Every structure is written in C-alpha cells, then in structure tokens.
Amino acid sequence: MFTTKKRLLTARSMAKVLQLTLAVIKPDAVAHPLMLEALHQRILDNSFVIVRCKDLVWRRQDSERFYAEHSGRFFYQRLVEFMSSGPMRAYVLAREDAIRHWRDLMGPTKVFRARHTSPASIRAQFGLTDTRNTTHGSDSVESAEREIRFFFPEFCVEDWMKKEEPLFRAGQIQYDLQKLTHTLAPHS
Ligand SMILES: Nc1ncnc2c1ncn2[C@@H]1O[C@H](COP(=O)(O)OP(=O)(O)OP(=O)(O)O)[C@@H](O)[C@H]1O
C-alpha cells in the first residue's frame with residue numbers, strides 16, 4: 001500500500017515529551033491514491049511519528065456514534081453517509097504538541113475559509129466541500145484519548161505514555177512502517 005521507501009523512524013534527537021493524536025484520512029482522499037500518498041507524505045514531512053496506522057471501513061452506526069455530538073445539525077446525515085461510504089486511513093501520531101500541529105496542518109474545517117486563511121493547509125489544497133474535507137484530527141488531549149480508543153481499541157494511550165514513550169524518546173524503540181497494520185478491515 002505504501003509506495004514510500006521503507007523508513008525506520010527513530011526519536012533519538014527528541015528531547016521533549018511526545019503527545020499523541022488521532023489523525024484520519026477520510027474516504028474522499030483515500031479514494032484517490034495520489035492524494036492518499038501526498039497526505040501520508042505530509043505526515044512524515046512534518047516530523048510526526050506514525051505509532052499505529054490502519055485502513056478501515058465504518059458501518060453507518062460507527063459513523064453515527066463517532067459524530068453523535070453533531071446529530072440534529074443540517075449536515076449530520078450527509079456526514080454520516082460520507083464517513084461510511086468507503087475506506088479510511090487512521091493514524092496514531094506522536095510528536096511534541098501533536099494535536100495542535102496536526103490541526104494547524106489540516107487548516108479550518110470549511111474548505112472555502114481554509115483556501116482564504118490557510119492556503120498551504122491540507123484542506124485548502126485537497127478539500128472538496130465542507131463535509132468532504134479530507135482529514136480529521138482530535139482537538140484536545142481528552143478527545144485524542146477517546147478517539148484513539150474508538151479507532152484503535154487495542155491501543156492504550158496511558159500505557160504508551162508510561163512505558164513506550166520514554167523508551168522511544170531514548171531511541172530504544174523504532175517503528176517500522178512496513179510492519180504497521182494496513183490491512184483493510186471493517187470497524188470492530
Ligand atoms: N457547516 C458544515 N457543513 C458541512 N459539513 C460540516 C460542517 N461543519 C462540519 N462539517 C463536517 O463535520 C466534521 C466535524 O465537524 P467539526 O465541527 O467537529 O470540525 P473539525 O473539528 O474541524 O473536523 P474534524 O472533527 O473532522 O476534525 C467536519 O470535519 C466536516 O466534515
């Protein structure tokens with residue numbers, strides 16, 4: 001699936017504590033291999049470490065559950081249908097201040113606004129509409145934990161922060177992109 005060369009990611013030079021965030025490449029972008037590749041490369045180029053990665057498909061009820069806070073809004077049905085319309089790619093990303101950096105990189109939710117205020121952002125460059133806006137990112141530490149659990153139920157943020165983060169920062173663990181899961185699977 002990945003066409004970039006095998007990369008071994010190491011954190012030897014990282015001094016500060018890493019933060020985790022959930023990033024998702026939505027179905028509109030996954031549907032276009034070149035766009036998917038460009039977004040994947042954007043992640044690597046911005047010093048994010050890919051801790052976990054998987055391709056998955058949501059059932060309608062997964063989409064409804066994840067976006068429950070928006071139920072009743074005019075775009076809710078459109079959003080739910082879109083997010084369960086095809087494969088997505090989800091990442092657990094680590095870096096210093098990961099939540100803010102990924103959200104800055106995505107740009108504003110609305111594509112029109114993104115094009116005016118943040119022309120270099122992902123949504124400005126690749127977004128199609130306010131709903132089909134290519135990417136998702138957690139907006140707080142609490143939502144990152146909740147959303148990582150939603151997408152990666154087998155992954156424990158607390159354990160990672162306690163056990164793996166210090167080892168990783170000390171260069172004692174490496175993440176090999178080739179070994180991360182990217183088998184297409186229905187949401188569990
Ligand atoms: N006004 C709108 N019109 C159409 N779709 C919208 C609108 N507002 C939000 N959405 C869709 O709902 C998603 C969730 O909205 P939210 O307000 O949480 O934005 P966000 O935090 O920027 O996006 P995300 O949660 O996907 O990172 C948006 O990413 C977009 O796909």
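Not measured: the values here are computed from a predicted model. Both counts, for ligands and for their atoms, begin at 1 and track the order of listing.
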Quiz item: Any ion pair linking Asp97 and Arg100 (charged N to carboxylate O, less than 4.0 Å)?
Solution: yes
Quiz prompt | Where ligand 1 meets Gly137 - atom numbers and elements under 4.0 angstrom, heavy-atom basis | solution = 27 (O)
Quiz item: Are Leu39 and Val111 grouped together when hydrophobic residues (ILVMFWY) are joined by side-chain heavy atoms under 4.5 angstrom apart?
Solution: no
Quiz item: Quick check: are there more than 12 heavy atoms from other residues, nucleotides or ligands sitting under 6.0 Å from CZ of Phe112?
Solution: no
Exercise. Report yes or no: do Tyr175 and Glu164 form a side-chain donor-acceptor pair below 3.5 Å?
Key: yes
Quiz item: Are the ring centres of Tyr76 and Tyr67 closer than 6.0 Å?
Solution: no
Quiz item: So, are Arg42 and Asp45 salt-bridged, with charged N and O less than 4.0 Å apart?
Solution: no
Quiz item: Looking only at protein heavy atoms, which one is nearest to atom 12 (O) of ligand 1, and how far off is it?
Solution: Leu79 CD2, 3.3 Å
Quiz item: Under a 4.0 Å heavy-atom limit, does Asp130 contact ligand 1 with its side chain, its backbone, both, or neither?
Solution: both
Quiz item: Just heavy atoms, cut-off under 4.0 Å: does Phe82 contact ligand 1 by side chain, backbone, both, or neither?
Solution: neither
Quiz item: How far is atom 19 (O) of ligand 1 from its nearest protein heavy atom, and which residue and atom is that?
Solution: Thr109 OG1, 3.3 Å
Quiz item: Is the ring centre of Tyr91 less than 6.0 Å from the ring centre of Phe48?
Solution: no
Practice problem: Have a look at ligand 1 and work out which part of Arg123, if any, has a heavy atom under 4.0 Å from it: side chain, backbone, both or neither. | Solution: side chain
Quiz item: Using heavy atoms and a threshold below 4.0 Å, how should the contact between Arg132 and ligand 1 be classified: side chain, backbone, both, or neither?
Solution: neither
Quiz item: Touching ligand 1 at all, Lys110? Heavy atoms, strictly under 4.0 Å?
Solution: yes
Practice problem: Report yes or no: does Arg73 have a heavy atom closer than 4.0 Å to ligand 1? | Solution: no
Quiz item: So, does Met83 sit close enough to ligand 1 that a heavy atom of it is under 4.0 Å from the ligand?
Solution: no
Practice problem: Kindly identify the option in Glu147, Lys26, His70 whose heavy atom sits closest to atom 18 (O) of ligand 1. | Solution: His70
Practice problem: Just need the protein heavy atom nearest to atom 27 (O) of ligand 1, so name the residue and atom and give the distance. | Solution: His136 ND1, 2.9 Å
Self-check item: Met83 and Leu79, any side-chain heavy atoms less than 4.5 Å apart
Solution: yes
Practice problem: Consider ligand 1: state whether an atom of it lies below 4.0 angstrom from any non-hydrogen atom of Tyr67. | Solution: yes
Exercise. Before accepting this row, confirm whether a basic side-chain N of the pair Arg60/Glu64 lies closer than 4.0 Å to the acidic partner's carboxylate O.
Key: yes
Exercise. For ligand 1, find out whether one of its N or O atoms is nearer than 3.5 Å to an N or O atom of Phe75.
Key: no
Quiz item: So does Asp55 pair up with Arg89, basic N to acidic O under 4.0 Å?
Solution: yes
Quiz item: Are Glu69 and ligand 1 in contact, using a heavy-atom cut-off of under 4.0 Å?
Solution: no
Self-check item: ligand 1-proximal atoms of Asn133, by part, heavy-atom distance under 4.0 Å
Solution: side chain
Quiz prompt | Heavy atom of the protein closest to atom 4 (C) of ligand 1 (residue, atom name, distance) | solution = Thr131 OG1, 3.1 Å
Quiz item: Hey, is ligand 1 close enough to Arg103 that some N/O pair sits below 3.5 Å?
Solution: yes
Quiz item: Got a salt bridge between Glu154 and Arg52, using NZ or NE/NH1/NH2 to carboxylate O under 4.0 Å?
Solution: no
